[in-house]
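What follows is a set of notes on a single structure, which appears directly below.
Start at 1 and go down the list; that is how both ligands and their atoms are numbered. Values in this document were obtained by computation on a predicted structure and should not be read as measured data. Counting begins at 1 with the first residue of the sequence.
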Amino acid sequence: MVKYRTSIRQKIIVGYYAAVAVMIGMAVFTFMTLMFLEKKIVFSTVITELFDTTLEIRRFEKNFILYGQTEDYQENLRYVAKAKEIFEANIEEYENLAVTRQLYTMRDGLNTYRSLMEQFASLDKKPTPQRSAAEKAIREKGKEIITIAESISKIERERLQSLLGQAGRYLFYVIAFLSLAGVAIGQILSRIVVKPLKSLEWTMKSIADGKFSTIAMDSSDQEIVSLADAFNKMIKELEMRQRNLVQSEKLASLGTLLSGVAHELNNPLSNISTSCQILSEEMDELDPEYRRELLSQIDDQADRAKNIVRSLLEFSRTKEFKREDLSLENLVLETIRFVKGQIPPKVEIVTDIPADISIFADKQRMQQVFLNLVKNAIQAVEEEGRIEISARKTSQGKLENYESYLSEECANMLPSLGDSEAVYVKITDTGIGIPQEIIGKIFDPFFTTKDVGKGSGLGLSIVHEIIEEHGGCIGAHSEVDRGTTFLIRLPVPQKQGNVSPGKKL
Ligand code: ADP
């Protein structure tokens with residue numbers, strides 16, 4: 001069954017519409033709240049108007065009672081009518097209110113008040129007990145109406161204030177919710193888009209450092225999956241091309257070896273040939289002891305030639321990575337022998353490697369390391385100079401004149417190694433040196449300052465890779481026109497107590 005994959009685009013669109021829907025919902029809700037508040041504010045002005053009208057009713061009531069003017073009476077009745085009008089106009093608003101009951105009491109009170117006023121106006125203006133009683137009744141009713149109006153106005157004002165407070169809080173919650181939703185959407189987008197891209201970025205970084213590792217990305221997103229597929233294809237292609245390049249670098253080394261071997265084979269072969277010549281010309285005259293010596297010399301020289309050819313074959317064969325105990329001195333001497341043919345007469349190669357130092361390493365790869373380093377040193381010293389290869393075995397922190405050459409990467413490794421033993425190998429030349437501005441790049445693949453055909457820029461990157469494969473590290477220190485030192489640090493595995501030295505050539 002085909003696994004359905006969503007795409008990042010779809011996810012972003014869904015996320016976008018969800019965010020828009022939430023925002024529209026929030027906006028509609030806020031709009032409705034504002035409408036409700038507006039209604040409440042309008043109603044509160046109605047209540048204020050009602051309260052003001054009752055004040056006017058009472059003012060004209062007082063004037064009429066005091067001065068008996070007909071205009072005051074008419075004004076009073078007009079305001080009573082206005083108050084009733086306000087009631088009728090807003091009757092729907094009064095339903096379901098905290099003050100509904102008071103409002104209806106007030107309306108009834110206004111009706112009673114009006115009849116009381118009418119009765120009072122029809123009475124004789126002379127002070128009579130009946131007039132006093134009517135006056136008292138009007139005043140009481142008027143007071144009652146104003147008290148109710150006051151209380152209604154107060155209740156509504158408080159209610160409006162509390163509604164405004166609620167709306168403020170509500171707006172705060174909306175803003176907080178939208179901010180949180182924004183952060184959450186950002187996080188989700190980051191998880192579905194940025195995270196896989198970050199992991200791609202990391203893989204790309206390690207590829208840039210020369211470590212080819214394919215991306216195992218368990219993503220449900222189409223784009224990420226196809227991107228990872230494309231990357232993996234590219235990585236495989238790069239890996240294959242690098243392997244081809246390394247192979248061609250090795251073939252170039254083999255060319256170097258061949259000239260060294262040809263040179264080296266020359267000596268035993270000419271020795272054999274001289275011995276054979278003596279034997280064939282003076283076979284009968286020679287005393288048997290000398291004959292035996294010549295024959296044994298031929299045998300020795302043939303052995304020497306055989307060993308030279310064997311090491312060349314060993315080096316050229318593609319082999320699996322396999323570590324064994326090796327005598328460092330023998331390994332280095334054997335490698336130097338390969339390049340002897342390329343050493344100009346005034347270039348001196350000296351070694352200072354204690355015979356008891358052995359390393360646990362892949363022979364072919366370590367030979368490649370020394371070959372590349374020595375080749376570079378020979379090219380750097382040009383016509384005249386000195387190349388020194390020395391080694392020491394030590395526990396942590398006791399190796400003066402060595403550790404200052406360690407690369408930063410090497411030095412950072414040291415504290416975690418505790419007191420463990422290590423072998424340090426130093427390759428120093430008195431060559432042209434490396435300018436400070438490029439020393440950080442020399443281990444990068446394809447970095448070269450040599451002319452086309454002279455250098456591929458792969459030598460040191462291969463050295464770096466091989467040393468890393470062995471759990472070691474390498475650093476370089478150089479001064480222009482004075483020379484260069486490469487320092488290799490190789491860990492000594494614990495099991496390596498009893499070392500069987502390698503075979504001497
Ligand atoms: P290549 O030798 O093919 O150029 P390498 O990776 O071996 O590639 O070296 C990279 C660069 O480092 C060289 O081109 C050279 O500039 C510099 N280099 C390496 N070893 C030495 C050395 N012993 N002395 C001076 N420069 C060196």
Could you tell me whether [X] approaches ligand 1 through its side chain, its backbone, both or neither, with non-hydrogen atoms closer than 4.0 Å?
| X | result |
| --- | --- |
| Phe486 | side chain |
| Val463 | neither |
| Thr484 | side chain |

Exercise for review: Check side chain to side chain donor-acceptor pair (under 3.5 Å) between Asp429 and all other residues, then give those that pass, not counting sequence neighbours.
Suggested key: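 In terms of side chain to side chain donor-acceptor pair (under 3.5 Å), with neighbours along the sequence ignored, Asp429 is linked to no residue.
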Review point. Does Glu479 have any side chain to side chain donor-acceptor pair (under 3.5 Å) partners at least two apart in sequence or in another chain, and if so, which?
Key: none
Review point. Can we say Arg292 and Glu289 salt-bridge, meaning some charged N sits less than 4.0 Å from an Asp/Glu carboxylate O?
Key: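 Salt bridge flag = yes for Glu289 with Arg292.
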Check your understanding: By number and element, which atoms of ligand 1 are closer than 4.0 Å to a non-hydrogen atom of Thr448?
Key -> 1 (P), 4 (O), 14 (O)
Review point. Under a 4.5 Å cut-off applied to non-hydrogen side-chain atoms, are Val423 and Val425 in contact?
Key: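 Yes, their side chains come closer than 4.5 Å.
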Review point. Side chains of Ile467 and Met366: closer than 4.5 Å at any heavy-atom pair?
Key: yes
Check your understanding: Are any of the heavy atoms in Gly457 under 4.0 Å away from ligand 1?
Key ->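 Yes, that is the case, since the closest heavy atom of the residue is under 4.0 Å from the ligand.
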Practice item. Examine Leu460 against ligand 1 and note whether any of their N/O atoms are separated by less than 3.5 Å. Key: yes
Review point. Looking only at N/O atoms, are Thr449 and ligand 1 under 3.5 Å apart anywhere?
Key: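 Yes.
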Review point. Just by distance, with hydrogens left out, do Asn330 and Lys363 show a side-chain donor and acceptor under 3.5 Å apart?
Key: no
